[in-house]
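Note sheet for the following structure.
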2 protein chains.
Amino acid sequence: MTARRQGRGPTRADVARLAGTSTAVVSYVVNDGPRPVAAATRARVLGAVNQLGYRPDRIARALAARRTETVGLVVADITNPFMSDVARAVEAAASARDHTVLLANSAVDRQREQVLIEQLLDRRVDGLILLAVGPGAATVRELNRSGVPVVALDRPVGGLRAATVTVDNVGGAAEATMHLAGHGHRRIACISGPPPLWPTAEREKGWSTAVAEMGLGRGSCPVVHASIDRGAGYEAAVRLLNRARPPSAVFVTTDEQAFGVLRAAVDTGRQVPDDVAVVSFDGISQAAFSVPGLSSVVQPVDQMAAKAVDLLLDGPPERVVFPVELLTRGSCGCPDPVVRAKRRTPPPRGTAGGP
Amino acid sequence: MTARRQGRGPTRADVARLAGTSTAVVSYVVNDGPRPVAAATRARVLGAVNQLGYRPDRIARALAARRTETVGLVVADITNPFMSDVARAVEAAASARDHTVLLANSAVDRQREQVLIEQLLDRRVDGLILLAVGPGAATVRELNRSGVPVVALDRPVGGLRAATVTVDNVGGAAEATMHLAGHGHRRIACISGPPPLWPTAEREKGWSTAVAEMGLGRGSCPVVHASIDRGAGYEAAVRLLNRARPPSAVFVTTDEQAFGVLRAAVDTGRQVPDDVAVVSFDGISQAAFSVPGLSSVVQPVDQMAAKAVDLLLDGPPERVVFPVELLTRGSCGCPDPVVRAKRRTPPPRGTAGGP
DNA sequence: GTGAAAGCGCTAACAA
DNA sequence: TTGTTAGCGCTTTCAC
């Protein structure tokens with residue numbers, strides 16, 4: 001009997017038989033190459049394809065073609081709104097290029113991250129995007145050896161031969177800090193990330209430079225370090241605000257921490273921005289809805305993701321740095337704009353993608 | 001020369017050669033079955049494996065074994081905190097069972113969702129978890145025909161032969177509503193989701209039942225429908241609060257909308273909970289940080305995800321319904337507990353997983 | 001422009 | 001217990 005294999009649809013052989021041609025030709029038309037096919041033949045094949053409802057098996061194709069059309073995305077914490085936004089943007093960019101993304105969430109666990117990266121490699125991803133805690137030396141070696149293209153997003157990875165997509169952390173942070181000074185503040189503290197974390201360290205550098213340039217005393221402008229989450233931001237702010245001479249403004253290195261700061265201000269009996277002004281970094285969409293709205297330095301996530309995917313798929317391993325933009329709302333002392341519904345798609349910009 | 005193929009590591013044949021045995025035996029030891037292997041042979045193979053640094057190619061394995069050890073996850077919106085939390089939990093559960101997740105984000109676009117589901121099928125996922133807008137009839141047919149196990153998480157999918165993991169939406173919503181009444185409210189409105197959306201419709205039903213049971217007039221307890229995002233929640237709240245006789249409390253069907261409500265209250269000159277009390281549904285971790293803290297009905301996301309993966313991989317297509325729990329904070333009028341750092345892992349519960 | 005056939009790296013009968 | 005070998009479904013060289 002010619003019963004189709006159960007559980008799966010027709011194969012290339014079925015199509016070839018029905019179209020009265022060879023499997024090679026079917027392949028040529030399905031893939032639109034690499035060899036030309038006569039119009040008549042192509043038509044017969046196409047007819048057979050949709051008469052049978054044939055769909056190519058991507059696994060078999062991957063094995064033969066040695067390409068999976070898949071990109072691995074390793075994120076440190078998918079529940080972090082900035083990172084989930086990056087995940088959305090990467091998925092969209094990959095999808096636009098007909099690739100699927102294998103998601104790996106390390107849950108901020110370096111060990112786990114190593115394992116996940118190896119699994120992704122075993123699954124033969126065509127490329128790897130890392131928004132990761134940071135792989136250890138052994139994993140870096142393995143990545144370099146594997147020859148799989150890698151792009152480090154948001155932060156470079158030491159020792160890794162990879163493209164890099166980051167933003168102007170120093171500049172953005174400095175701008176935010178000066179903006180605070182523009183509101184008349186002289187005691188501008190910084191709530192930064194864990195010292196080894198690159199993006200927040202850079203932002204701290206920007207704050208510190210700005211503070212120095214404006215001649216503000218280091219004693220009145222303290223830094224405090226905290227993990228990248230609301231709870232840690234909350235605790236750091238409580239510590240800061242309970243000092244004898246608390247700051248009148250604080251630059252927070254991530255929005256996620258800043259939400260904790262906002263809540264801490266209230267819990268310690270302060271008003272934002274009158275008693276403490278706040279500006280942070282990342283520019284996630286939730287920032288529009290806090291009370292007051294959170295002023296933040298926004299990263300062009302869609303463009304960054306598109307660039308990352310492009311570099312991964314056909315780029316040389318360059319390092320690209322995107323500009324950022326301070327978006328003011330109520331938390332710094334500027335007028336708080338009316339809330340608008342969140343934008344789901346980036347505004348058209350002539351041609352798609354690219355900075 | 002015996003140079004290894006460039007770009008890839010050693011294969012099963014290399015290992016067999018070095019171990020002086022056959023490829024089948026290598027397969028048996030690597031997979032720990034399906035046939036037994038003598039201890040001595042196994043040791044030689046293992047030795048060869050790590051002398052060569054051999055790693056099985058999952059693509060080739062998938063083709064031969066007809067299993068990809070991969071599960072597809074389709075979410076309607078990965079940037080929605082509830083859904084990204086589900087994504088985290090599903091990834092963790094799948095990972096614990098040695099599976100990788102292929103992430104597909106439909107960005108609340110039904111068309112796109114169909115395409116994504118088909119792509120996942122083409123990639124031969126072992127199972128599909130849907131937290132989706134809802135596939136159309138054609139896709140449902142294709143899913144049923146494909147024989148790929150599916151579990152619908154959070155909401156059932158009409159006409160689909162699939163397991164279902166949901167929560168007690170009606171009960172939770174009713175409890176939330178009664179809680180509001182317990183604070184003395186008699187004008188309890190509801191901000192619900194788009195009417196076709198199942199979970200929010202169920203919650204609305206719970207609210208409506210509770211309101212009726214308490215004998216509260218329908219005129220003083222209006223419903224308004226809005227999309228599941230902060231902006232829509234904001235606008236719905238503004239509409240509600242600008243009425244001639246505004247409600248004194250509102251049950252909001254999702255946390256995401258509720259954050260918009262909180263902001264809208266402030267923008268229309270109200271205090272929460274004194275002028276308007278708010279309780280919502282989902283129980284995402286961000287709810288602890290708003291001002292005031294958001295009282296919410298919490299879903300046991302980790303358990304739900306674990307169950308979903310179990311059902312997918314070896315379960316019969318049951319329908320399981322998890323209980324939910326009201327967690328009170330400041331927004332309903334209860335005391336607002338001190339903020340704590342976010343928990344990354346579920347507390348131990350004797351044995352892992354399960355309701 | 002088309003077809004035959006040799007893999008891609010692994011699994012799992014089946015035979016020894 | 002181990003080895004031989006026929007696929008898994010597709011791509012692609014090479015000959016026609």
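A salt bridge between A/K307 and A/D310 is absent, with no side-chain N of the basic residue lying under 4.0 Å from a carboxylate O of the acidic one. Contact check on B/D314 versus B/R97 returns a salt bridge, with a Lys/Arg side-chain nitrogen under 4.0 Å from an Asp/Glu carboxylate oxygen.
Atom pair B/R17:CZ and D/dG3:C1' shows a separation of 15 Å (rounding to whole Å applied). Counting to the nearest Å, the C1' atom of C/dT11 and the CG atom of B/D57 are 13 Å from each other. Distance CZ (A/R123) to C1' (C/dC8): 18 Å, rounded to an integer number of Å. Rounded to whole Å, atom P of D/dG9 lies 14 Å from atom CG of A/L52. A/I59 places its CD1 atom 13 Å from the P atom of D/dT11, with the value rounded to the nearest Å. The CZ-P distance, from A/R124 to C/dG9, rounds to 6 Å in whole Å. The CZ atom of A/R58 sits 14 Å away from the C1' atom of D/dT11 (whole-angstrom rounding). The distance between atom CG of A/L63 and atom C1' of C/dT11, rounded to the nearest whole Å, is 12 Å.
If you take CD on A/Q119 and CG on A/L102, they are separated by 10.5 Å, rounding to the nearest 0.5 Å.
When heavy atoms are screened at a 4.0 angstrom cut-off, A/V26 is found touching no nucleic acid atom at all.
Mapping A/R55 and B/G20 onto DNA chain D by nearest heavy atom places B/G20 at the nucleotide closer to the 5' end. Between B/V37 and A/A60, the one whose closest nucleotide on DNA chain D sits nearer the 5' end is B/V37.
For the OP1/OP2 pair of D/dG9 and a distance below 4.0 Å, the side-chain nitrogens and oxygens of B/R66 include at least one atom meeting the criterion. The phosphate of C/dG3 has OP1 or OP2 within less than 4.0 Å of a side-chain N or O from A/S22.
Evaluation of the side-chain hydrogen bond (donor to acceptor under 3.5 Å, both in side chains) test over residues 35-44 of chain A, restricted to residues two or more places apart or in two chains, returns A/D32-A/R42.
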Review item, nucleotides 12-16 of chain D N/O atoms under 3.5 Å of protein N/O:
residue : atom : partner : partner atom : Å
D/dT13  : O4   : A/Y28   : OH           : 3.0

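Under a 3.5 Å cut-off, the side chain of A/N144 and the backbone N or O of A/G159 do form a donor-acceptor pair.
No donor-acceptor contact under 3.5 angstrom links the side chains of B/T166 and B/R155, judged on distance only.
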For this session: Using the salt bridge (charged side-chain N to carboxylate O under 4.0 Å, His left out) rule, take A/R123 and B/D57 through it: C-alpha gap first, then chi angles, then the decisive distance, then the call.
Result: CA-CA 7 Å; A/R123 293 204 136 90; B/D57 181 322; over 6 Å; no
